Number of protein chains: 2
Amino acid sequence: MRITDLQYYLALTDNHNFSQVSQQFHVSQPTVSLAIQRLEKEVGAQLAIRSSHHNIVSLTHAGQVFAQHAQAILEQYNLALTEIGRIDEQSLLLGLPPIIQISYFPEIAGRLSNQALEHLKTVEVGAHKAIQLLQDGKLDASFLGYLEAINQNDFQVLQFDQRPFEIVVANDHPLATRPTISFKELADQNFILLKGSFIHKQAFEQLAQANHLQPNILFSSSEPYAILNLVSQNRGIGFMVSSKNIQHPDVKFIPLSDPEQPQLKVGFVYRKSPILTTEQNTIFNEILAAIHTPML
Amino acid sequence: MRITDLQYYLALTDNHNFSQVSQQFHVSQPTVSLAIQRLEKEVGAQLAIRSSHHNIVSLTHAGQVFAQHAQAILEQYNLALTEIGRIDEQSLLLGLPPIIQISYFPEIAGRLSNQALEHLKTVEVGAHKAIQLLQDGKLDASFLGYLEAINQNDFQVLQFDQRPFEIVVANDHPLATRPTISFKELADQNFILLKGSFIHKQAFEQLAQANHLQPNILFSSSEPYAILNLVSQNRGIGFMVSSKNIQHPDVKFIPLSDPEQPQLKVGFVYRKSPILTTEQNTIFNEILAAIHTPML
DNA sequence: CAAAGTTATTAATTTTTTTAATAGCAAGGG
DNA sequence: CCCTTGCTATTAAAAAAATTAATAACTTTG
């Protein structure tokens, strides 16, 4: 069985037309015809039901089953090629969601050696995209921010921190003296949110829904300091995970008192048995050591 | 890329010897040599480090990465062959753990049409083995008995019932009048357990451990009625999930009062997007309908 | 019933794979 | 040291497999 035959077959399952497949791959029509016959002989079952009827090639039951496996094989094949293609770059390619980049990565980076930092490349991705890229072999590992535990069979997810979302108000805001605030007290406030952070939005909506509110969102910025500035001018209030990396003299972070509140969970994810060069492995272990030390 | 080349390569990763691989596959040594060269050319990287040195062929980093993918591809290939090989039998092959066979399957079978029952074949398997066989394409679906939620990415697990384990005593046993019993009261009892049911054993040990006991197990039988008989003769007490399919006039099932007690969870598992013949699909849907009706 | 669109078959050609023979290399034993 | 042993690579020839162009055969459609 050859990979090209599988490619023809998979194209056929899309196309339902031998001739078109042959054109797609710049080969003659009998090539495709014979390729499919070869496959059928090898698996011992008819895969496609041909009809000189215009346009209609349908799959047998075996053909449908086989299509799934053919796809899986091709994916694995492509994965192999991209992964091996990436080997020469001796760096470790890391996914980094925006929130982590802001709130955690400075601290983690501080714990890494220069040698490790030099060979570390990061790509900005959300949690969903990160898993996708890992699956495609386009990332070696990724940080993740999420609200609900992530379960991915083939990947190891290490959760290394968790912290609540807080309300940000100006120091001279009426709420600034409060030790805690419940979300439903904020029905009339204007919110300034973090743009591009799917997680902040998700957490915000979760709280809004639980409290049956539809809070007004004044503005979204992808730059946390822009938000703190606007908050300090009392243009609105913020909703953000507190972090020692995000500070402003004129604003105050106030915890929520809601009994059920979303928590930002922060994790590190990688293939269960990653094969790394010794250089990559060194960096990898440094990162693992860094996240195993509690965050401030 | 051909499957046979991958087979040679994988054998080589075991063997570290081109000549032995060639003998294994009854081909000449240059065949293997050239196959590996072809692979290396196709993936664009050296895979094996040869040495005319006796016995030492080692893998490059790329070679190790590629070995993983080669294995995955071969597994998928074999899976395709076995699955397609099973298609002709028009029946649905179902895994059935012993406990389910005794406690649930009679009721479920009663809800199926004759047509469905005729084409249903069952294989006795534990939960672990069931998932293994599903992954190998050797089962279409399986019932599962388990204590802790099962998480399997590629499979759909429907939990359709859950019930506690109970103590079985003879009607004239001193404990027979009790509405409930706590497990730690049973330290001095002789137990008669269900043999071959990994789940019963696991639940029993869980309770024993939680109560810091090492209860005496008098006997294990794989036949539930043998247990009930012995219990009725006051030879010992039983530990079993109650079921209307397992009854005996001279014994009584008594619930445990322990706050934390294991529950037998009963589920049905199948590939997320199963491809079934229309006949199989009919049976499949009947089973789904049957388990969606609450059990007695 | 002819035209258009499809897949299968055939025989010739081309490409790829396999082989037998052999070269070449390194280690180990006398 | 040299010969033997055990290995892989390289050849050139042979065998096998894949591809093609040409064409047959079939079905629907106008």
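Values reported hereafter were calculated over all heavy atoms of this structure, with side chains retained and with hydrogens, waters and symmetry mates removed. Just so it is clear, the structure is predicted and the values come from calculations on it, not from any experiment. In the text below, chain A, chain B and the rest are named by the order of the sequence lines, each starting its count at 1.
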**Prompt:** Any chance the rings of B/Y9 and B/F66 have centres within less than 6.0 Å?
**Reply:** yes

**Request:** Please tell me which of the listed nucleotides, D/dA9, C/dA8, D/dT20, lies nearest to the side chain of B/F18?
**Result:** D/dA9

**Prompt:** Does any donor atom in the side chain of B/S273 or A/Q68 lie under 3.5 Å from an acceptor atom in the other side chain?
**Reply:** yes

**Request:** Ignoring backbone atoms, establish whether A/R50 has a side-chain N or O less than 4.0 Å from OP1 or OP2 of C/dT6.
**Result:** no

**Asked** Relative to each other, are the rings of B/F268 and B/F143 parallel, tilted or perpendicular (30° and 60° limits)?
**Response** tilted

**Request:** Establish, from distance only, whether the side-chain atoms of B/E279 and B/H119 form a donor-acceptor pair under 3.5 Å.
**Result:** no

**Asked** Would B/Q132 and B/D136 count as having a side-chain donor-acceptor pair, cut-off 3.5 Å?
**Response** yes

**Item:** Phosphate OP1/OP2 of C/dT18: any B/R38 side-chain N/O under 4.0 Å
**Value:** yes

**Request:** For A/L34 and C/dT15, give me the distance from atom CG to atom C1', rounded to whole Å.
**Result:** 15 Å

**Fill in**
Per nearest nucleotide of DNA chain C, the residue lying toward the 5' end, B/T4 or B/Q29, is B/T4

**Item:** Other residues, nucleotides, ligands: >12 heavy atoms within 6.0 Å of A/K272 NZ
**Value:** yes

**Message:** I'd like to know if B/Q37 reaches the base of D/dA9 with its side chain, counting only an N/O donor and acceptor under 3.5 Å.
**Reply:** no

**Message:** So if I take every side-chain heavy atom of B/Q20 and compare against D/dA21, D/dC7, D/dT8, which nucleotide ends up nearest?
**Reply:** D/dC7

**Message:** Please determine whether a side-chain nitrogen or oxygen atom of B/T31 lies at a distance below 4.0 Å from atom OP1 or OP2 of C/dT17.
**Reply:** no

**Asked** Should A/S28 be listed as having a side-chain N or O under 4.0 Å from OP1 or OP2 of D/dT19?
**Response** no

**Prompt:** Any ion pair linking B/E42 and A/R2 (charged N to carboxylate O, less than 4.0 Å)?
**Reply:** no

**Asked** Reckon A/V32 touches a base, only the sugar-phosphate, or nothing at all at heavy-atom distances under 4.0 Å?
**Response** nothing

**Request:** Please state how far atom NE2 in A/H26 lies from atom C1' in D/dT19, giving the value in whole angstrom units.
**Result:** 16 Å

**Message:** What is the distance, to the nearest angstrom, from the CG atom on B/N15 to the P atom on D/dC7?
**Reply:** 10 Å

**side-chain N/O A/S19 vs C/dT7 OP1/OP2, d < 4.0 Å** = yes

**Message:** Rounded to whole Å, how long is the line connecting atom CZ of A/F25 with atom C1' of D/dA18?
**Reply:** 16 Å

**Prompt:** Which nucleotide sits closest to the side chain of A/P30: D/dT20, C/dT19, C/dT7?
**Reply:** D/dT20

**Prompt:** For C/dT17, does OP1 or OP2 lie under 4.0 Å from any side-chain N or O of A/R2?
**Reply:** no

**Complete:** Taken to the nearest whole Å, CD1/B/I36 to P/D/dC7 is 16 Å

**Item:** Distance below 4.0 Å between A/S33 side-chain N/O and C/dT9 OP1 or OP2
**Value:** no

**Asked** Once you round it to whole Å, what is the distance between P of C/dT7 and CD1 of A/I49?
**Response** 14 Å

**Message:** Contact list please: residues 39-47 of chain B against DNA chain D, heavy atoms, distance less than 4.0 Å, in numerical order.
**Reply:** none

**Asked** B/D5 CG to C/dT16 C1': how many Å, rounded?
**Response** 11 Å

**Item:** Side chain of B/N17 - closest among D/dT19, D/dC7, C/dA8
**Value:** D/dC7

**Message:** Using the rule given for side chain to side chain contact (heavy atoms under 4.5 Å, CB included), can you reason through B/V157 versus B/Y146, listing the C-alpha separation, both sets of side-chain angles and the distance that settles it, and then say yes or no?
**Reply:** CA-CA 11 Å; B/V157 181; B/Y146 49 97; 3.9 Å; yes

